[in-house]
Enquirer: 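Structure below; questions to follow.
Since this is a predicted model, take the numbers as computed values, not measurements. Atoms within each ligand, like the ligands themselves, are counted from 1 in listed order.
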Amino acid sequence: MDAMFAPSLVNSPVIPGPRPRVALLASGAGTNLAAIARAVADGELAVDLAGLVCNVAGAGALDVAARYEIPSRIISHLEYDDRASFDAAVLEALRAFDAEWVVMAGWMRLVTPAFLEALAGRVLNIHPSLLPAFRGLRAVEQALAAGVAITGCTVHLVEPEVDSGPIIAQAAVPIEDGDDAEALHARIQRAEHKLYPAAIAIAIARARETSR
Ligand code: GRF
C-alpha cells in the first residue's frame, strides 16, 4: 500500500497571483526533484522551476535538472571554510535564479539562521518521518527501531532548529512485516513524490493569501 493519507494535487489550491519562481536545493538522487519537475511539466503544479543548486558533483539530481532543462549550479561545501561562507555562496546563486521560494529536495546540509532570514522564511523541506517524530539523520531506521506501525513523510517550513518549523502537509505510510530500511524508504519516497508537489502549492498559496 502507498500513502494512506496525503493531500492530492487534484485538491491542491490554485496559487493566486503571478506564477511563482521556485529554486531547488539537492544533494542526492533527485527523485523528489523529478516528481516536482514532472508535476510542473504535466501542468499540475503552476510554478516555474528557476534553477537547482547541488553541492555534490555527479549527483543524480543534476541529471534530472538537465532532463527537465532546469539550469543548475554545483557549489561544493568542501570548497568553503565554514557554513556561513558556503551558505553565502548558495544564497548568491539563489538570488541569481530570482526565486521567490526555495525547495530543499534532499539537501544534506544544515543551514544557518542568516540564510533562512535572507530568504524570509520561504524555504520548504521534506523529511522521511511524521514530524515531530524521528527528527535528524536516519529517520527511517529510527522508525523501524522504535517498532511503530505507521510512519510517513512531512513537508515543513524550515526554521533554524533541525527538522522543525510549521508543518505544511504530511502523508502516513504503513510499516509492513519484514520491512528493512531500504524497502520502507522506497515506500516513503513514493508518498513523498505525491506529497511534495501538492505541499508546494499549499505553502505558496497560503503565504500569498495571508500577505494580501
Ligand atoms: C528523501 O527521502 C527526503 O525525505 C530526504 O532525503 C531524501 C532525498 O531523496 N530529506 P531524493 O534525492 O529526492 O531521491
Enquirer: Give the residue, atom name and distance (to 0.1 Å) of the protein heavy atom nearest atom 6 (O) of ligand 1.
Expert: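 Heavy-atom neighbour on the protein nearest atom 6 (O) of ligand 1: Gly106 CA, 3.6 Å.
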
Enquirer: As a check for students: among Glu192, Met108, His127, identify the option with a heavy atom nearest to atom 4 (O) of ligand 1.
Expert: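 That would be Glu192.
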
Enquirer: Is the shortest side-chain N to carboxylate O distance from Arg21 to Asp48 below 4.0 Å?
Expert: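 No salt bridge links Arg21 with Asp48.
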
Enquirer: Is any side-chain heavy atom of Leu124 closer than 4.5 Å to one of His156?
Expert: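 His156 does not reach Leu124 side chain to side chain.
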
Enquirer: Nearest protein heavy-atom contact for atom 14 (O) of ligand 1: which residue, which atom, what distance?
Expert: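 Among all protein heavy atoms, the one nearest atom 14 (O) of ligand 1 is Thr31 OG1, 2.5 Å.
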
Enquirer: Students should be able to answer this: which protein heavy-atom is nearest to atom 12 (O) of ligand 1, and at what distance?
Expert: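 That would be Gly30 N, 2.8 Å.
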
Enquirer: Looking only at non-hydrogen atoms, which of Ile36, Val140, Ile126 approaches atom 5 (C) of ligand 1 most closely?
Expert: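 Going through Ile36, Val140, Ile126 one by one, Ile126 has the nearest heavy atom to atom 5 (C) of ligand 1.
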
Enquirer: According to the interplanar angle, ranging from 0 to 90°, do the rings of Phe86 and Trp107 count as parallel (below 30°), tilted (30 to 60°) or perpendicular (above 60°)?
Expert: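 If you compare the ring of Phe86 with that of Trp107, the planes turn out parallel.
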
Enquirer: Using a cut-off of 6.0 Å, state whether more than 12 heavy atoms not belonging to Glu92 lie near its atom CD.
Expert: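 No.
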
Enquirer: Are Asp87 and Arg109 close enough for a salt bridge, meaning some N to O gap below 4.0 Å?
Expert: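 A salt bridge is absent here (no side-chain N lies under 4.0 Å from a carboxylate O).
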
Enquirer: Run the side-chain contact (heavy atoms from CB on, under 4.5 Å) test on Arg135 and Gln142 for me, step by step, so that the C-alpha distance in whole Å, both residues' side-chain angles and the decisive distance to 0.1 Å come before the verdict.
Expert: CA-CA 9 Å; Arg135 289 188 163 123; Gln142 289 184 54; 6.0 Å; no

Enquirer: Going by the order shown, which atoms of ligand 1 are within less than 4.0 Å of some heavy atom of Pro128?
Expert: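 Listed by number with element, the hits are 4 (O).
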
Enquirer: Could you tell me whether ligand 1 has any atom less than 4.0 Å away from a heavy atom of Ala26?
Expert: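 No, Ala26 has no heavy atoms under 4.0 Å from ligand 1.
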
Enquirer: So, applying side-chain contact (heavy atoms from CB on, under 4.5 Å) with Leu25, which one of Leu52, Asn55, Val90 is it?
Expert: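 Answer to the side-chain contact (heavy atoms from CB on, under 4.5 Å) test with Leu25 among Leu52, Asn55, Val90: Val90.
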
Enquirer: Going by the atom numbers of ligand 1, which of them fall below 4.0 Å from some non-hydrogen atom of His185?
Expert: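 Near His185, the atoms of ligand 1 are 2 (O).
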
Enquirer: If the cut-off is 4.0 Å to any non-hydrogen atom of Ala29, which atoms of ligand 1 fall inside it?
Expert: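 Those qualifying, in numeric order: 12 (O), 14 (O).
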
Enquirer: Give the atoms of ligand 1, by number and element, whose distance to some non-hydrogen atom of Gln189 is under 4.0 Å.
Expert: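 Here the atoms of ligand 1 in question are 1 (C), 2 (O), 7 (C), 8 (C), 9 (O), 11 (P), 14 (O).
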
